[in-house]
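Below is a structure I'd like to ask you about.
Per chain, numbering begins at 1; letters A, B, ... match sequence-line order. Computed from a predicted model, the values in this text were never measured in an experiment. Worth knowing before you read on, the calculation uses all heavy atoms, side chains too, and leaves out hydrogens, waters and symmetry mates.
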2 protein chains.
Amino acid sequence: MHHLVPLDNLVAALSRLPGIGRRTAERMAMALVQDRKGLMRILANALLEADESIATCERCGSITLTSKNPCELCARPRKDAQILCVVESPGDIMKIEESGGFQGRYHALMGRLSPMHGIGAADLRVDRLLQRIADENIQEVVIALGTDVESDATVSYLKEVLSTRNVRVSRIAFGLPAGSAIEYSDSATLSRAMKGRQEID
Amino acid sequence: MHHLVPLDNLVAALSRLPGIGRRTAERMAMALVQDRKGLMRILANALLEADESIATCERCGSITLTSKNPCELCARPRKDAQILCVVESPGDIMKIEESGGFQGRYHALMGRLSPMHGIGAADLRVDRLLQRIADENIQEVVIALGTDVESDATVSYLKEVLSTRNVRVSRIAFGLPAGSAIEYSDSATLSRAMKGRQEID
């Protein structure tokens with residue numbers, strides 16, 4: 001009773017989600033096992049449906065339907081299709097797109113340089129980025145990373161790599177509060193930061 | 001992109017969990033779809049495992065393994081097996097059991113009287129309670145419900161029903177802060193409240 005292994009496993013799985021502490025995970029797990037025909041089935045089905053029908057866009061790395069790959073952001077005409085916005089993750093693409101402050105294409109690196117976490121340049125989608133710059137005749141790369149040390153290191157690295165290409169490189173303006181991440185920024189801040197971007201000299 | 005239906009469905013399912021707001025559900029959903037081979041599989045498997053292997057004890061209503069029904073709390077010897085603690089939900093049984101302040105048997109009503117939510121006496125496990133009092137030679141029923149209006153109404157109803165049986169009826173002491181629920185109480189408070197229970201005159 002005290003330690004039902006399947007219940008402990010469910011609490012452990014829920015605890016791995018961002019922003020979910022042990023106590024919240026326990027309450028969620030209890031609500032799920034007390035409503036197996038309702039809540040549990042709905043969540044299990046939603047997970048299975050998402051797992052089957054959601055894919056990663058092979059071009060930009062964003063979240064898309066399995067049936068639409070490349071995604072609509074890559075496939076549809078865009079006003080500034082020669083501007084490529086480089087972000088850390090698919091979630092960042094959604095945030096910037098929601099802000100309405102950008103009309104170009106996107107490219108998710110799927111991480112940022114982090115020697116402490118064993119993430120090096122080879123783990124980011126940089127080769128694919130260089131290939132897209134050539135294939136899609138990109139004129140400007142806008143780097144939309146946060147303001148922490150790892151982001152700064154990633155920007156420096158990208159700047160160096162891109163210096164050999166005939167492309168402008170800019171970074172979104174520091175309208176963001178220091179130490180924050182794209183993920184936590186509101187649309188207005190993101191939109192202003194996008195407009196105020198400065199070319200890297 | 002903006003509105004992937006499977007992603008929206010996942011956010012909706014997560015939002016139904018207790019204590020999870022829209023914003024948190026969105027972050028959880030993004031973390032899940034961005035780590036489908038990891039996080040998503042682990043959570044989906046934990047849910048399926050829990051759904052298969054966890055059952056409701058047919059006697060007390062607590063959470064148990066499908067392979068152990070009645071549950072260990074009902075099947076194993078208990079020091080005060082002639083004392084039956086009546087609670088609202090299986091989660092309450094776990095909370096009281098963790099507090100260590102009770103050595104008898106449990107009985108979950110699976111709700112409390114709530115005309116506003118259409119929950120009447122017939123929806124609670126009262127017939128099963130009366131049957132258990134006879135079958136298990138119960139000498140005392142300790143009602144462990146919260147301190148809100150619906151709990152008070154449920155206590156009044158139970159007191160009336162039980163007045164025809166040869167059994168003492170008590171309610172856990174109001175060591176609980178007013179307006180709180182069993183679910184949110186710490187072990188020390190619950191243990192004290194259990195010890196200070198008063199017979200209903």
Problem set entry | Toward chain A: residues of residues 76-87 of chain B with heavy atoms under 4.5 Å | none
Exercise. For the atom pair OG1 (Thr66(A)) and CG (Leu4(B)), what is the distance rounded to the nearest 0.5 Å?
Worked result: 10.0 Å
Exercise. For chain B, which residues of residues 33-51 of chain A have at least one non-hydrogen atom nearer than 4.5 Å to it?
Worked result: Val33(A), Gln34(A), Arg36(A), Leu39(A), Met40(A), Arg41(A), Ile42(A), Leu43(A), Ala44(A), Ala46(A), Leu47(A), Glu49(A), Ala50(A), Asp51(A)
Problem set entry | Nearest-0.5 Å distance, CG of residue Leu7(A) to OG1 of residue Thr64(B) | 11.0 Å
Exercise. Considering only heavy atoms from C-beta outward, does the side chain of Leu65(A) approach that of Pro6(B) to under 4.5 Å?
Worked result: yes
Problem set entry | Heavy-atom neighbours of Asn166(A) CG exceed 12 at 6.0 Å | no
For this session: Under 4.5 Å heavy-atom distance to chain A, tell me which part of Leu10(B) shows up: side chain, backbone, both or neither.
Result: both
Seminar exercise, completed: One option among Ser53(A), Ala55(A), Gly61(A), Ala31(A) has the most heavy-atom pairs under 4.5 Å with chain B, and it is Ala55(A)
Exercise. Which residues in residues 110-117 of chain A have any heavy atom lying under 4.5 Å from a heavy atom of chain B?
Worked result: none
Problem set entry | Residues of residues 21-29 of chain B contacting chain A, heavy-atom criterion under 4.5 Å, by residue number | Arg23(B), Thr24(B), Arg27(B), Met28(B)
